[in-house]
Number of protein chains: 2
Amino acid sequence: MKMAVLVEIIATGDELLIGEKDNTTTPFLVRQVALLGYEVRRTLTVSDNLNDIAGAVREALHRADLIFVTGGLGPTPDDVTREAVAEAIKRPLEFRSDIWEEIQAGLLRRSNSVPPSNMKQAYLPCGAEPLSNCLGTAPGFIIPITNKTIVVLPGPPGEAREMFLREVKQYLSRRYPPVSGRRVCVFKTCGPGEAVLLERLKEVLAEAKKMDVGISFLPQGGEVHLVLKWNDSLKRAGAVEQLKERLMKVLGEDLYGLDEDTLPGKVGELLSQNSLTVGVAESCTGGLVANYLTDVPGSSRYVRGGVVAYTEEVKMRVLGVQESTLNRYGAVSLQTAKEMAEGVRRLTGASIGLATTGFAGPEGGTPDDPVGTVYLGLATRDDVVAQRIFFPGLGRITVKSIAAKRALDLLRRYLLSLSEGGSSL
Amino acid sequence: MKMAVLVEIIATGDELLIGEKDNTTTPFLVRQVALLGYEVRRTLTVSDNLNDIAGAVREALHRADLIFVTGGLGPTPDDVTREAVAEAIKRPLEFRSDIWEEIQAGLLRRSNSVPPSNMKQAYLPCGAEPLSNCLGTAPGFIIPITNKTIVVLPGPPGEAREMFLREVKQYLSRRYPPVSGRRVCVFKTCGPGEAVLLERLKEVLAEAKKMDVGISFLPQGGEVHLVLKWNDSLKRAGAVEQLKERLMKVLGEDLYGLDEDTLPGKVGELLSQNSLTVGVAESCTGGLVANYLTDVPGSSRYVRGGVVAYTEEVKMRVLGVQESTLNRYGAVSLQTAKEMAEGVRRLTGASIGLATTGFAGPEGGTPDDPVGTVYLGLATRDDVVAQRIFFPGLGRITVKSIAAKRALDLLRRYLLSLSEGGSSL
């Protein structure tokens, strides 16, 4: 049996060690490496100190086959990762005029000037293969050392991500062929909480345990992801497929996608398939639903627009919510959610209006509808529905995020009912 | 001169190494330790493997004064942190009947039964001081070893947090008195890029270097943070203060805040101080400006609302942008940004209207205004301004985020000019 490829990930940066910034690149790499079937043995974060970085790389070379180093490739004097990696593997840095050309071209495209400090970014350890950076100036690089590999990526998470997905992934797949078949699979759900899912999945979980397939629950602000893990062997591939099918069946419509799928992406697909458009009226979510929807490339084809209605006046004047509704039921109510959804549908000329109104906290709320209460509304030409959700004891930003996800999920379920030839609402 | 207390944080758990779960306890401890004035040198994550954990603890004891180990204190066979720590420091585990009593009492309160597997949690390395767990069964512990200390905390983030705040913080403050004054300070700027700041700060950086004050540059989607780090001593406190003042002076209005300040929070403060309100019209940012503004608790006092105008029809019908403006200049133009800002101000009844329109990509753009071009508008009762910003070669989500930050920054600078008795625009 083939041995697993052992991986260590070294993040560098003082900002990660003083709590100024959370490290998001390491979790990204951990997930990507798991998808390739490699095994991460250790991740660490060290400060922007040449000796600390060099020491960490040297130690990792003793234990791992594949080592990632992220951060410290910028033009400023505190960026020392190039030097530290060269030091760790005892190879000199060399000036690469081809890379310098590329950096200069990028700088000129962006800003019309070439600060001399950027020249330092054209130095790479001998034998390194450069990785081009389509989002910034710092090139990354790969150093193959006999059967081991060091991959160095820039600090900004977007740049590291792009570089990994565009070049590093293919490189690694060639050098260390992924174990046949996938060993990790993520089922993404929205709606029921972790405890409800746990109860419903009892039998499937027992079966998975017998098969030695691990299933863990990962709640993610309004969503719950189920992560399946198993050691691959051709003999049981069929059994694992059967388990996955059973899981899909039990989850039903609560399952919105797998692996790289996102909820706004899924909603966009369904809108496009049905040639429908959406407009959003937001009170407590303050623009987050529209922001999620418009993160998807091409969303301008089905998002017509939205209104953030943070005052009663805007709810009435812009969205056409009745004053009597606000007086009788309050701004946070089923009735107001419905009228907001209808209003934004009319206003934006969309086929569907979606609305949120609630108490995100920390202030506000009533005895009946305390902080954490949110009403969601959805209106079409023919009908309008609303629902109440309640998440007590959470912070403002979490309530906003859960409410926005659940609003998208309400829309997703409505669109699914259309595809299934169901009612118009 | 007092030396800094050096800290390493070791998180254990397979779930952290396959991307199933993000590690939130390490960032929490990093922040807490920075507040005590200690210096985190390294953080790492290792799998639930006795040798890996013991090895990591042994290595850390060579380098650090204070070592945190988190996770692996549960009752199941994969929880081996107690054994690993005992192994690393060559001390046997001993059964502590006082702890067993406490665990039993807790279990009976919660579930009326005492599974024998929990007995394992009553074993601690000799000489360990237990830390009680008010949220779960696993006790933590502290092991003082001459002048070094190992603190072991349970894996569930809530339990680790509570235990740290209730007992560990006070213990550490006594054992390693916090260094007086802060040794880390963050200067937060918006506007100029990293390279421009570097050029402008050349002299200050040279001076800082002579004083052994580290300054690193941290670009954060539209903002650049400068992180100052120095070892404290009473003698040079005055010199460091002078350096900080000089930095403030050179940065001028590009500096929006320090440490925990946020750009939307700062904008909110300035709006409140001037008793002004804001309405936002967003095209390319798709709701993100409103979302940033409404993340701040109490923002309903100065945010009146907003419009996401993703179609020309919504720009015209809802915001009152002239059809002739769209035809002559296009939806992405200075003129449209101005009319959007004026329109949303009128529509929401806010004192200030703020607008964004641009090409976030990946599709769209014109030869003159390629993807990455964004126009920002700001309108008051008396005047209206607009500006063009351009960030080529970035992804859609990054362009949205930079554009939203720069829109907030435009508003911040306008509000500052008011406080300084400047023109109304």
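Proteins get letters first, then strands, A, B, ... in listed order; numbering begins at 1 in each. In this text the structure is predicted, and so the values were computed from the model without any measurement.
- With a 4.5 Å cut-off on non-hydrogen atoms, B/E39 does not touch chain A at all.
- Using a 4.5 Å cut-off between heavy atoms, A/P115 touches chain B through its side chain atoms alone.
- Both the backbone and the side chain of A/V303 come within contact range of chain B, with heavy atoms under 4.5 Å apart.
- Each of B/R41, B/E363, B/K315 has some count of heavy-atom pairs under 4.5 Å with chain A, and the biggest count is that of B/R41.
- Between the CG atom in A/D78 and the NZ atom in B/K229 there is a gap of 10.0 Å [rounded to 0.5 Å].
- Proximity to chain B (any heavy atom under 4.5 Å) is shown, for A/A404, by neither the backbone nor the side chain.
- Interface remark: of the candidates B/T311, B/T45, B/V307, B/T45 forms the most heavy-atom pairs closer than 4.5 Å to chain A.
- Among all heavy-atom pairs drawn from A/L16 and B/V30, the shortest one is O-CG1, 3.8 Å.
- Contact count versus chain A (heavy atoms, under 4.5 Å) is highest, among B/I397, B/V46, B/V314, B/D295, for B/D295.
- Neither the backbone nor the side chain of A/R161 comes within contact range of chain B; no heavy atom of the residue lies under 4.5 Å from a heavy atom of that chain.
- There is no contact between B/T398 and chain A, counting heavy-atom distances below 4.5 Å.
- With a 4.5 angstrom heavy-atom cutoff, B/V296 touches chain A only via backbone atoms.
- When A/T294, A/L44, A/V280 are compared by the number of non-hydrogen pairs under 4.5 Å with chain B, A/T294 comes out ahead.
- If you measure heavy-atom distances from A/E59 to chain B, the contacts under 4.5 Å come from the side chain alone.
- Heavy-atom neighbours of chain A within the stretch residues 281-288 of chain B, taken at a separation under 4.5 angstrom, comprise B/T285, B/G286, B/G287, B/L288.
- Note that CD of A/E312 is 11.0 Å distant from CZ of B/R304, once rounded to the nearest 0.5 Å.
- In this structure, the portion of B/A309 lying under 4.5 Å from any heavy atom of chain A is its backbone and not its side chain.
- Atom OH of A/Y310 sits about 9.5 Å away from atom CG of B/L293, to the nearest 0.5 Å.
- Only the side chain of A/R317 comes within contact range of chain B, judged by heavy atoms closer than 4.5 Å.
- Residue B/A360: no heavy atom, backbone or side chain, is found under 4.5 Å from chain A.
- Here the closest non-hydrogen pair linking B/L347 and A/V318 is CG-CG2, 3.5 Å.
- Heavy atoms of A/S117 lying under 4.5 Å from chain B belong exclusively to its side chain.
- Contacts with chain B were tallied for A/G305, A/G306, A/A290; A/G306 has the most, counting heavy-atom pairs under 4.5 Å.
- Most heavy-atom pairs under 4.5 Å with chain A, from the set B/V289, B/I9, B/V308: that is B/V308.
- The choice from A/V344, A/T76, A/L107 that makes the most heavy-atom pairs within less than 4.5 Å of chain B is A/T76.
- Proximity to chain A is limited to the backbone of B/I215, based on heavy atoms less than 4.5 angstrom apart.
- Looking at A/R396, the atoms closer than 4.5 Å to chain B (heavy atoms on both sides) all sit in the side chain, from C-beta outward.
- B/G395 and A/L135 make their closest contact through N-CD2, 3.6 Å (heavy atoms, listed as atom of the first residue, atom of the second, distance).
- Looking at A/N291, both its backbone and its side chain come within 4.5 Å of chain B, counting heavy atoms on both sides.
- Between A/R42 and B/D52 there is no salt bridge, since no side-chain N of the basic residue sits under 4.0 Å from a carboxylate O of the acidic one.
- Options B/A11, B/G349, B/G279, B/S299 differ in how many heavy-atom pairs under 4.5 Å they form with chain A, and the most are formed by B/S299.
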